[in-house]
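These notes concern the structure reproduced below.
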Number of protein chains: 2
Amino acid sequence: MTERTSRCSHPLDALFYPRSLAVVGVSKNTDSQGFTYLRQHLEFPFQGPVYPVGLEAEEVLGVRCYKRILDISGPVDHVISCIPQHQLPPLLEDCILKGVRSLHLFTARLAETQVEERINLENRIIHRAREAGVRIIGPNCLGLYNPGAGLTFRFSLPKERGSIGYISQSGGYASDLEYQGAGRGLRFSKIVSFGNAADLNESDFLEYMIEDPNTKVIAMYLEGVKQGRRFLDNLKRSDGTKPVILFKGGKSRAGSRAVATHTASMSGEAALWEALCRQFGVINVGSMQEMADVLLAFQYLRPSSGERVWIIGGGGGGSVAAADTFEMEGFEVPPLPDSMREKVKAFAPEVWSMISNPMDPSVMGDNGTMTRALEMGAEWDGVDMVVGDSSATWYLDSPEAAGQHEANLRVLLNIAGQVRKPMAIVTTAGDTTSPWRVEALHKAREKCREKGVPTYPNIQRAARALAHFAGYHRRIKALHVHQHRRQK
Amino acid sequence: MTERTSRCSHPLDALFYPRSLAVVGVSKNTDSQGFTYLRQHLEFPFQGPVYPVGLEAEEVLGVRCYKRILDISGPVDHVISCIPQHQLPPLLEDCILKGVRSLHLFTARLAETQVEERINLENRIIHRAREAGVRIIGPNCLGLYNPGAGLTFRFSLPKERGSIGYISQSGGYASDLEYQGAGRGLRFSKIVSFGNAADLNESDFLEYMIEDPNTKVIAMYLEGVKQGRRFLDNLKRSDGTKPVILFKGGKSRAGSRAVATHTASMSGEAALWEALCRQFGVINVGSMQEMADVLLAFQYLRPSSGERVWIIGGGGGGSVAAADTFEMEGFEVPPLPDSMREKVKAFAPEVWSMISNPMDPSVMGDNGTMTRALEMGAEWDGVDMVVGDSSATWYLDSPEAAGQHEANLRVLLNIAGQVRKPMAIVTTAGDTTSPWRVEALHKAREKCREKGVPTYPNIQRAARALAHFAGYHRRIKALHVHQHRRQK
């Protein structure tokens, strides 16, 4: 169960791999956050002892409940605080006495209220914690998720480990990525929701994710940056090492105002962030959906070698839209050369005239020569990527017709399993109310996930995600060529 | 059942309101298109007699099957052809003899194959039909849907009548709009899929939709235009009369190539189409999802008076993203003035400090003063539109938490029912695989549909749709002011 890190320990490993934890502010009230954190860690389960601390109950969920942290006999590495902000100073003193290493403050209504007294209280707590060597996560945040240690903050977060390290200033968005992507297969090494960033901030966590051997791709939702210089240094360190995908909130005037009340951050200007992303090869996305979409490509696909794409399926109008969309996102959708068409003609005289790019076979599946033609197209060295478009909704006109939807997907998944190029599959969004359609879509998505093929709910989202992905690899290749030239 | 048009009959009324129809190419093969058209019209049901025509069967689905159209004793207004292209000339002669008014050619593999012999065959058929006064729809298309007459081409198209007239060159996309929007409430007056447009083209149908009293909003998916001058004249006629929403396929080089093989059209350049849309106030969209989203606003909302928006909900990160997104789409998200905050403070001393724009109440629902504050904000004359954002996914962390999701939606729907401004609700996309989450979302979407509130699966799509909608009304207002000045 316990995950071992294959390197000299990073100081923040203590946070992500605590040996024991206490939840402070636990009662029998099942709606309370203290109860919820306790239940989440008992169920996940957390790898070591979990101690509830609360004034009212003798036991909660069958576990003995302590009045104070100091009453616990064993060591306590990590504490989750769900008590009101004015009770924090004595809790912190108890943590110091107990030798606690990290204190996560779910507790909110501090600096983000913009009330002077609350700002001062937050400052006092951070000052005292730093003096005593206790690291603070938050306040006003959900804290830590690490499936390798059994740490969590949502029931819905997957138990399986993954390779995405996700840093989110917002608690809601810290959970949202699971919603947007876990059904399609996204899995995480660590997630941290760090709120007001009064002690540990975005740079601490970015630095950690860059060094964490279990993290291959880094995702960030930020509203502001506490240490500008340090943040830039870390982005520079990430460049060429691990892909970083950033969703920056608060780029507009109204958004900046919202940020101030949300996590008490100062947010900057859109143009500045764009320039910064370009400089360090950071992928700049505009929504959580787009972030999930990009991460899916990085998690599943082998590196792309270029931006020429072959598109299969989509129906008449759909294949036109697919060509338009991919070209607008910077891809080339090259026509199939005559030599290629001649090759196909030799074994598929009935279908060769339909082989094009995009290619819209009205029926995939049982037709053996069509399938062989599709496979040949995918292997064609004139394209670097393949997109299988199974989003045509007319196969979902009636439950009887849904079989063809399944058959098409089977053909596309077979090609994805064989072709040695990045390949994504477009399915359809669940914007429907027919239960049988929803079920058909779920089955399709599940099959893609099982085979490790990234799937997107429409062609626009697929094209955007793959454009980010291909752009990243183009940049990496250019960096390597550049370095190679300098070494010579 | 029969719908009467409240004006002098338009020549194309004969197509959309036939008294009887024949499906040619019917067999007992349930996978065949002939069988499918027959079943669809018997089930919808079509308002008059439906005659199957086919060589093999004596009866299909309990209805006597005729060998030739000429064998039918009663009159036949409309014929749907599902036979191979080389059998068309004798069928057309029979239609002429029988006095058929319109012939819909589902039959394909004609000009779109780009094979000379097929192009010539298509031309010969059109020439003969025009000579004899038979109008042709297609070839290579799904034909007509009119719930007011019982005409249809998909099982999934709604039986209820609506006010959207939809013209689609593509058959797949003719059906797709139902998929993208019917679950959220979209209903249609007429849909036509017209394929190669060899006889009746986009201008005929646009002209018809402009005059049709049952059509209030016009949607179009086009790949090319047959009669440029006439098309522009019709767009001009529509301007200021009925909103026109256009999705143009084949704007890129690869897309244009795909168009040629799909419906044998010539497609033009992106910039040209954009200029044309600006000139005539046509709303230019980039996907079928965007088209459904815009139509939903036009179907449900009262006209907008401006572009100042108040945003409720969304969670911390979500409300920041909402502000960013709406501002980027050209909206103003004005801060609430002190006078307004003072008013709220008077009756809601506990929550007044949280009242802002965007406004992120952590919990809506049972708190009476919060609800009253939300209602007051919605009525505030500093905003023209209201957006209720119920897309925060943390309420969908566990089945127990989903109750809060429902409670929030209830509060938002109550506000939508009271406020005399356009209001939309953002729910969450179904990109999840948990059945209980999907069910919660469906319930939410159903409730919005029942109350006639447009709902969007994310804040980006809501902002884009409302921007098109508000922009249309801004332009209409300007046109009226302009006309008024000229009249003085």
Side-chain angles (χ1 to χ4, degrees), chain A residues 113 154-156 170-173 175-176 179-180 183-184 221 223 249-255 257-259 261-263 286-287 289 315-321 323-324 326-328 333 335 353 356-358 360 392-394 396-398 428-433 438 442 445-446 457-458 460, chain B residues 113 154-156 170-173 175-176 179-180 183-184 221 223 249-255 257-259 261-263 286-287 289 315-321 323-324 326-328 333 335 353 356-358 360 392-394 396-398 428-433 438 442 445-446 457-458 460:
Chain A
T113 60
R154 287 287 186 217
F155 290 108
S156 48
S170 157
Y173 275 179
S175 330
D176 193 60
Y179 189 93
Q180 305 300 341
R184 294 184 283 158
Y221 171 76
E223 298 188 344
K251 287 190 258 195
S252 66
R253 279 173 307 139
R257 278 199 311 275
V259 157
T261 54
H262 181 216
T263 54
S287 70
Q289 284 92 352
S319 65
V320 172
D324 281 349
F326 270 85
E327 209 172 290
M328 281 185 251
V333 188
S353 73
S356 57
N357 188 15
D360 171 31
T393 51
W394 76 78
L396 298 173
D397 181 41
S398 66
T428 307
D431 296 345
T432 169
T433 41
V438 171
H442 274 218
R445 215 179 288 146
E446 289 272 328
N458 60 49
Q460 287 79 17
Chain B
T113 59
R154 287 287 186 218
F155 290 109
S156 49
S170 158
Y173 274 178
S175 332
D176 193 61
Y179 188 94
Q180 305 299 340
R184 294 185 284 159
Y221 171 77
E223 297 187 344
K251 288 191 260 198
S252 66
R253 280 173 306 139
R257 279 199 311 275
V259 157
T261 52
H262 180 217
T263 54
S287 70
Q289 285 91 353
S319 65
V320 172
D324 281 350
F326 271 84
E327 208 171 291
M328 280 185 250
V333 188
S353 72
S356 58
N357 189 15
D360 172 30
T393 52
W394 75 79
L396 298 172
D397 181 40
S398 67
T428 306
D431 295 345
T432 168
T433 42
V438 171
H442 274 217
R445 215 180 288 147
E446 289 273 327
N458 61 49
Q460 288 79 16

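Convention: sequence-line order gives letters A, B, ...; per-chain numbering from 1.
- Among B:Gln180, B:Arg154, B:Met328, the residue with the largest count of heavy-atom pairs under 4.5 Å with chain A is B:Arg154.
- In terms of heavy atoms, A:Gly286 sits closest to B:Gln460 at O-NE2, 3.5 Å.
- For A:Ser287, the parts lying near chain B are the backbone and the side chain together; criterion is any non-hydrogen pair under 4.5 Å.
- Residues A:Gly317 and B:Ser170 come closest through the heavy atom pair N-OG, 3.4 Å.
- The main-chain N or O of A:Ser156 is found under 3.5 Å from a side-chain atom of B:Asp397 such that the two form a donor-acceptor pair.
- Proximity to chain B (any heavy atom under 4.5 Å) is shown, for A:Phe155, by both the backbone and the side chain.
- For the pair B:Val320/A:Tyr173, no side-chain contact is recorded, criterion being any heavy-atom separation below 4.5 Å from C-beta on.
- Residue contact with chain B, scored on non-hydrogen atoms closer than 4.5 Å, involves the backbone and the side chain of A:Thr393 alike.
- Contacts with chain A were tallied for B:Ala392, B:Gly315, B:Gly172; B:Gly172 has the most, counting heavy-atom pairs under 4.5 Å.
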